[in-house]
Amino acid sequence: MNWLKNIVRPKLKQLVGGQKDIPDNLWQKCPNCAEMNFHRDLENNFQVCPHCGHHLRLSASDRLKMLFDEGEYQSIELMASEIDPLKFRDRRKYTDRLKEAKSKTGLEDALTVAHGRMGGINVVVAALDFSFMGGSMGVAVGEGLISAARLAIVQDAPLIVVPSSGGARMQEGILSLMQMARTTIAVEEVKDAGLPYIVVLTDPTTGGVSASFAMLGDVAIAETGAVIGFAGARVIEQTIREKLPEGFQRAEYLLDHGMVDMVVRRHDLRATLIRVIGLLINTSPAADVLAISASGRGSLEDES
Amino acid sequence: MHNYLDFEKPIAELEGKIEELRHLTSDGELNIADEVSKLQGKVDKLLRQTYGKLSPWQKTQIARHPDRPHAVHYIETLIEDFTPLAGDRAFAEDRAIVGGLGRFRGSSVVVIGTEKGADTEGRVAHNFGMARPEGYRKAIRLMEMADRFKLPVITLVDTPGAYPGVDAEARGQAEAIARCIETCFSLKVPLVSVIIGEGGSGGAMALASANTVLMLEHAIYSVISPEGCASILWRDGEQSKVAAEALKLTAEDLLKLGIIEAIIAEPLGGAHRSPETMQASVGEAIAGALKGLGALDGGVLRTRRRERFLKIGSAARD
């Protein structure tokens with residue numbers, strides 16, 4: 001149990017409505033249909049274009065807010081990992097890129113891990129934020145997923161992972177590649193504990209992230225229109241000189257090819273997850289579920 | 001005749017001279033033998049100098065050398081009664097991944113390797129060592145069989161990466177790789193991987209999630225090719241040399257980072273200069289690794305394999 005005390009120090013962040021920035025642009029152009037949308041209309045519609053139904057990317061905090069009951073959750077403090085293990089520098093220093101990403105997003109790294117209730121069921125959710133260096137996976141993201149898995153096991157709670165990532169973080173070289181193995185082990189631990197592991201594939205889920213924890217869900221749910229694949233479309237076009245079929249690597253394409261269980265609109269996501277989890281753990285809502293979560297959370301809440 | 005790399009030009013010239021002189025020996029000139037051995041001495045010195053301080057980019061070229069021994073060459077010399085097994089039982093046989101049953105030093109094993117092919121025809125047949133989902137699914141099938149019969153698994157990794165094609169995507173390249181890694185971590189038998197040439201990204205990781213990962217001296221192992229990294233981060237494919245440097249992809253770097261257990265020394269001038277010597281040392285190294293693992297209980301093997309990788313991130317932090 002020591003790791004819990006050392007690693008996961010749950011901290012009640014005032015996340016609900018916390019640090020709401022005033023948008024720079026009150027009007028945003030839909031990248032799909034080019035219609036102008038008022039920011040509040042988008043917010044009220046889960047960042048889905050009211051005109052064409054295009055799903056814009058969600059920040060990790062917006063994602064968590066829309067998934068948990070009443071938008072309430074506790075995010076856990078993730079263990080700080082070594083910054084820039086390879087002393088990497090391309091045209092810019094990796095440490096500078098990291099600093100910029102931190103100040104732009106207010107996040108420590110691309111992954112946020114939170115726990116709370118969904119439909120009364122205690123769950124752990126780990127969400128990647130694409131705006132933090134393309135949601136790329138380095139040591140910090142790998143560590144975060146391992147912490148998320150272990151939190152789920154301690155709480156006897158299902159683990160839901162919401163990737164939004166271009167893949168491995170090149171600036172961490174081989175260590176980023178190793179996260180494919182490490183996150184897979186994290187998933188295995190959850191599965192060994194008999195707990196549901198659900199993945200919600202959102203735009204985009206590619207590269208080393210798709211080829212590891214993201215494709216190992218007991219149930220794989222893809223969000224409408226999300227790009228999901230291993231190799232990037234440009235890489236395929238350039239190296240193989242093949243013409244890409246219509247809708248290639250979109251959620252619906254993966255559904256047709258048997259790679260995901262369902263494609264779900266963002267509006268229906270929460271309800272779908274609650275139903276799927278409820279079915280997997282075979283509990284009628286309320287009493288049973290609460291009993292499990294209460295015992296799992298006891299030790300954590302003592303500390304916070 | 002050798003295929004020489006760019007930085008081996010002085011060596012190529014000297015060896016060319018030796019070759020010329022050798023053709024003259026039939027004339028019976030006495031001093032020719034002396035001259036040859038003198039030149040050979042120079043070649044050795046030059047090789048030692050050049051190969052003693054190879055840059056990561058030069059190592060990348062050696063790792064991809066067309067004459068470098070490939071997976072099938074190691075299998076030919078190290079595995080008796082090799083019995084190749086084909087197909088994923090779902091879609092196709094993928095020759096980018098070769099595998100089957102055989103005997104290593106008298107005991108049955110399952111061997112799986114990514115194979116690049118030795119000549120043009122072979123390279124096409126093996127798709128340059130770039131596997132499709134069916135290749136990884138075949139590997140999964142073979143590993144599961146090994147588990148059932150309690151046979152150790154040896155993997156030989158030499159791939160530029162998984163195949164980036166429309167068909168591969170349609171059949172779930174990402175899922176196949178993920179599942180292959182997952183299978184590696186479920187095995188209750190020893191799993192030893194050797195990076196013999198190129199350890200290219202997820203395609204390599206799929207087979208290298210092992211108890212012991214060994215690496216040849218001039219092999220490389222990386223999250224992305226130096227060329228790919230240069231074009232994305234530098235937006236200039238010409239910067240591959242710099243990217244190779246930054247990625248820390250050499251065996252020496254990876255040993256320091258705790259990614260591999262040991263480096264297998266290559267013959268002077270690279271594995272391709274003396275494939276027999278190389279194959280023998282790889283055999284020794286695998287035997288050594290398996291010896292240590294053979295005594296362990298299946299559950300312990302699996303736990304240690306997982307712990308090995310869980311530790312990697314932490315090692316970087318200390």
Separation between CE of A:Met215 and CD1 of B:Ile181, rounded to the nearest 0.5 Å
13.0 Å

Report the C-alpha separation of B:Leu310 and A:Glu189 in whole Å, then their side-chain angles, then the decisive distance to 0.1 Å, and conclude whether the side-chain contact (heavy atoms from CB on, under 4.5 Å) test is met.
CA-CA 12 Å; B:Leu310 290 177; A:Glu189 289 183 359; 3.8 Å; yes

Toward chain A: residues of residues 241-248 of chain B with heavy atoms under 4.5 Å:
B:Ala246, B:Leu247, B:Lys248

Heavy-atom contact with chain A under 4.5 Å, split by part of B:Tyr221:
both

Given heavy-atom pairs under 4.5 angstrom as the criterion, report whether the side chain, backbone, both or neither of A:Phe213 touches chain B.
neither

Residue by residue, scan residues 196-204 of chain B and write down, ordered by number, those that have a heavy-atom distance under 4.5 Å to chain A; if none do, write 'none'.
B:Ser201, B:Gly202

Does this structure show an ion pair linking A:Asp192 with B:Arg302, if we count only N-O contacts that are shorter than 4.0 Å?
no

As an exercise: rank A:Arg169, A:Glu172, A:Gln171, A:Glu237 by heavy-atom pairs under 4.5 Å with chain B and give me the winner.
A:Gln171

Rounded to the nearest 0.5 Å, how far apart are CE of A:Met180 and CD1 of B:Ile177?
6.0 Å

Calculate, to the nearest 0.5 Å, the distance between atoms CD1 and CD1 belonging to B:Ile224 and A:Ile174 respectively.
12.5 Å

Does A:Thr184 form a side-chain contact (heavy atoms from CB on, under 4.5 Å) with B:Phe309? I'd like the steps, not just the answer.
CA-CA 10 Å; A:Thr184 300; B:Phe309 282 88; over 6 Å; no

Do other residues, nucleotides or ligands put more than 12 heavy atoms under 6.0 Å from the NZ atom of A:Lys93?
no

Around A:Arg92, counting heavy atoms of other residues, nucleotides and ligands shown, do more than 12 lie under 6.0 Å from its CZ?
yes

Determine, step by step, whether B:Leu257 and A:Leu86 satisfy the side-chain contact (heavy atoms from CB on, under 4.5 Å) criterion, reporting the C-alpha distance in whole Å, the side-chain angles of both residues, the deciding distance to 0.1 Å, and the verdict.
CA-CA 9 Å; B:Leu257 289 166; A:Leu86 302 186; 3.7 Å; yes

Crowded around A:Glu108 CD? As in, over 12 foreign heavy atoms under 6.0 Å?
no

Closest non-hydrogen atoms of B:Ser209 and A:Ala181, given as atom of the first, atom of the second and distance, are OG-CB, 4.2 Å

What are the two closest non-hydrogen atoms of A:Ser210 and B:Ala174, and how far apart are they?
OG-CB, 3.3 Å

Over all heavy atoms of both residues, which pair between A:Ala168 and B:Val223 is shortest? Give the atoms and the distance, please.
CB-CG2, 3.5 Å

State plainly whether the residues B:Glu182 and A:Lys191 are in salt-bridge range, i.e. N to O under 4.0 Å.
yes

Segment of A:Arg89 engaging chain B (4.5 angstrom heavy-atom cut-off):
backbone

Would a distance-only check, ignoring hydrogens and angles, find a side-chain to backbone donor-acceptor pair under 3.5 Å from B:Glu169 to A:Ala231?
yes

Top residue by heavy-atom pair count (under 4.5 Å) with chain A, among B:Ala206, B:Ala208, B:Ala170, B:Cys229?
B:Ala170

Between the CG atom in A:Leu177 and the CG atom in B:Leu249, the distance rounded to the nearest 0.5 Å is 11.5 Å

Using non-hydrogen atoms and a 4.5 Å limit, figure out which bit of A:Arg97 sits close to chain B: side chain, backbone, both or neither.
side chain

Look up atom CD1 in B:Ile312 and atom CZ in A:Arg182, then write down how far apart they are to the nearest 0.5 Å.
7.5 Å

How many angstroms lie between CD in B:Gln173 and CE in A:Met259, if you round to the nearest 0.5 Å?
10.0 Å

So which part of B:Ile259 gets closer than 4.5 Å to some heavy atom of chain A, the side chain, the backbone, both or neither?
side chain

Pairwise side-chain contact, A:Leu216 with B:Arg179, heavy-atom cut-off 4.5 Å (strictly under):
yes

Minimum heavy-atom distance between B:Ala162 and A:Phe230, given as atom pair plus value
CB-CE2, 3.6 Å

